[in-house]
Amino acid sequence: MEKLLEKPLNMQVGIVGLGSIGGSLGYDLRDRHCRVIGVSRKQSTCDRAVDLGIADEASCTFDGLKSADLVILCTPIGKLEAIAQQVIPHLNPDAVLTDVGSVKGPIVEAIEPLWTNFVGGHPMAGTHQSGVDAAQRSLFVDRPYVITPTEKTQPGAIAKLDQLITLIQAKRYECGPEIHDQAVARISHGPVMISSALVSMAIAQQSPEEAAVVSLAKQLASSGFRDTSRVGGGNPELGLMMAQYNQAAMIQCLHQYRQELDGAIAAIESENWEALNQWLIKTQNARPSFVD
Ligand code: NAP
């Protein structure tokens, strides 16, 4: 009787890198009746993932991946290409390979030639905490999941990734890897540097007398500073990877930002309140088109 009530298995999914993103995917996929085969670097992470219910099985070797229909690479960006090379000999010929890297251009360029059934992806949700214990259920619900196929991508690989996106209830977007990188530089990667600069500005001391100012500022900081500094206080490794792997778009975005700041400084210095007012009205009107 119990067997009749069991839901059919949706997919067998391999997750390589059981950290905040890999672990969060594991939770939701198991909740949606997928079998999750985890792989991570540390045995302690593998054991923890199984204990938490993130994976049905987990180990530091790639052997278990041979039964996977879909393998998702969830390691830090700098490790994705090397991990793909290690994973590929263990895949069954029909398996689809994808990654969750926050940068797509160099990753797609490196991995696409290695495996026909590869399609790049980027689930745009995160906790700014790392490791298996930072994994969360339902992290991706209603959040963007960008897929970045090229003219070489197999339709079957896209269909399999679409199935994943549907299962985790994310919102699907599709674009080329380069335009993805330019867009995320503006709203994600650039803001990490801008927010870090904000924190750095707040602790800067030009003279010993300013120590009291910094100390008071720390005590007075409230919701505004919390909102604007949040991404600057995240995992440094992630920010560094964004700059290294999305260098061109990041530089372009930061130059534009400097130009915007220079404009604001010039307006304030020259007491051109009308220009400053117009700039602030423009940004007030534009913000809702990015966030609700
Ligand atoms: P994370 O929490 O640090 O997790 C990465 C995990 O990968 C680590 O827990 C580590 O597990 C494992 N790992 C590292 N090297 C490995 C190796 N050589 N072989 C196997 N496993 C290895 O990082 P994350 O935030 O989940 O980010 C992972 C990926 O998601 C990155 O590519 C990032 O660009 C992307 N992403 C992140 C966010 C975000 O906001 N965090 C959002 C979207 C996409 P061990 O404990 O076993 O060492």
Side-chain angles (χ1 to χ4, degrees), residues 14-28 36-52 54-55 57-65 71-88 90 97-108 110-111 120-136 139-141 143-148 161 164-165 168 170-171 173 177 180-181 183-185 187-189 191-192 195 230-246 249-250:
I15 297 180
V16 182
L18 297 167
S20 72
I21 298 296
S24 301
L25 284 169
Y27 273 133
D28 288 0
V36 173
I37 305 140
V39 178
S40 212
R41 184 176 48 179
K42 294 188 202 136
Q43 186 57 46
S44 56
T45 300
C46 296
D47 296 342
R48 183 81 179 134
V50 172
D51 287 348
L52 288 169
I54 282 169
E57 58 179 274
S59 83
C60 298
T61 70
F62 302 106
D63 301 335
L65 297 177
V71 173
I72 313 169
L73 306 179
C74 302
T75 61
I77 300 173
K79 307 264 174 63
L80 287 169
E81 182 185 354
I83 292 286
Q85 281 166 344
Q86 290 174 264
V87 161
I88 283 168
H90 299 268
L97 183 64
T98 188
D99 75 295
V100 298
S102 315
V103 178
K104 297 275 50 96
I107 301 303
V108 172
I111 303 180
H122 180 199
M124 296 194 64
T127 63
H128 294 286
Q129 285 176 326
S130 54
V132 68
D133 284 296
Q136 290 178 15
L139 182 67
F140 309 101
V141 174
R143 304 302 307 277
Y145 199 123
V146 190
I147 72 163
T148 59
L161 191 52
L164 166 82
I165 294 169
I168 62 172
K171 280 163 81 174
Y173 293 86
H180 164 277
D181 291 354
V184 296
I187 50 83
S188 174
H189 301 171
V192 169
S195 178
R230 184 175 64 85
V231 294
N235 180 359
E237 194 187 354
L238 204 55
L240 193 61
M241 296 273 180
M242 288 169 176
Q244 287 173 330
Y245 285 84
N246 201 10
M250 176 79 99

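Computation of the quantities below employed the complete heavy-atom set of this structure, encompassing side-chain atoms and omitting hydrogens, waters and symmetry-equivalent molecules. Both ligands and their constituent atoms are indexed starting at 1 by order of listing.
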Per side-chain contact (heavy atoms from CB on, under 4.5 Å), Ile83 is matched among Asp99, Thr75, Ile88, Ile111 by Thr75
Students often mix this up, so state it plainly: with edges at 30° and 60°, are the rings of His122 and His180 parallel, tilted or perpendicular?
perpendicular
Note: Val132 and Leu18 closest approach over all heavy atoms is CB-O, 3.2 Å
From the list Leu25, Val16, Val36, Ile21, side-chain contact (heavy atoms from CB on, under 4.5 Å) partner of Ile72 resolves to Leu25
Could you list, one pair per line, each nitrogen or oxygen of ligand 1 together with any protein nitrogen or oxygen closer than 3.5 Å, giving atom names and the distance rounded to 0.1 Å?
{"residue": "ligand 1", "atom": "2 (O)", "partner": "Ser20", "partner atom": "N", "Å": "2.9"}
{"residue": "ligand 1", "atom": "2 (O)", "partner": "Gly131", "partner atom": "N", "Å": "2.7"}
{"residue": "ligand 1", "atom": "11 (O)", "partner": "Ser40", "partner atom": "OG", "Å": "3.0"}
{"residue": "ligand 1", "atom": "21 (N)", "partner": "Arg41", "partner atom": "N", "Å": "3.3"}
{"residue": "ligand 1", "atom": "25 (O)", "partner": "Ser20", "partner atom": "OG", "Å": "3.0"}
{"residue": "ligand 1", "atom": "26 (O)", "partner": "Ser20", "partner atom": "N", "Å": "3.2"}
{"residue": "ligand 1", "atom": "26 (O)", "partner": "Ser20", "partner atom": "OG", "Å": "3.1"}
{"residue": "ligand 1", "atom": "26 (O)", "partner": "Ile21", "partner atom": "N", "Å": "2.9"}
{"residue": "ligand 1", "atom": "32 (O)", "partner": "Thr75", "partner atom": "O", "Å": "2.8"}
{"residue": "ligand 1", "atom": "32 (O)", "partner": "Ile77", "partner atom": "N", "Å": "3.4"}
{"residue": "ligand 1", "atom": "34 (O)", "partner": "Ser102", "partner atom": "N", "Å": "3.1"}
{"residue": "ligand 1", "atom": "34 (O)", "partner": "Ser102", "partner atom": "OG", "Å": "2.6"}
{"residue": "ligand 1", "atom": "36 (N)", "partner": "Ser102", "partner atom": "OG", "Å": "3.4"}
{"residue": "ligand 1", "atom": "46 (O)", "partner": "Thr45", "partner atom": "OG1", "Å": "2.6"}
{"residue": "ligand 1", "atom": "47 (O)", "partner": "Ser40", "partner atom": "OG", "Å": "2.7"}
{"residue": "ligand 1", "atom": "47 (O)", "partner": "Arg41", "partner atom": "N", "Å": "3.0"}
{"residue": "ligand 1", "atom": "47 (O)", "partner": "Lys42", "partner atom": "N", "Å": "2.8"}
{"residue": "ligand 1", "atom": "47 (O)", "partner": "Thr45", "partner atom": "OG1", "Å": "3.4"}
{"residue": "ligand 1", "atom": "48 (O)", "partner": "Arg41", "partner atom": "NE", "Å": "2.9"}
{"residue": "ligand 1", "atom": "48 (O)", "partner": "Arg41", "partner atom": "NH2", "Å": "2.8"}

The single option from Ile15, Val100, Leu97 that satisfies side-chain contact (heavy atoms from CB on, under 4.5 Å) with Leu73 is Leu97
Sequence neighbours excluded, the answer for salt bridge (Lys or Arg N to Asp or Glu O under 4.0 Å) partners of Glu237 is none
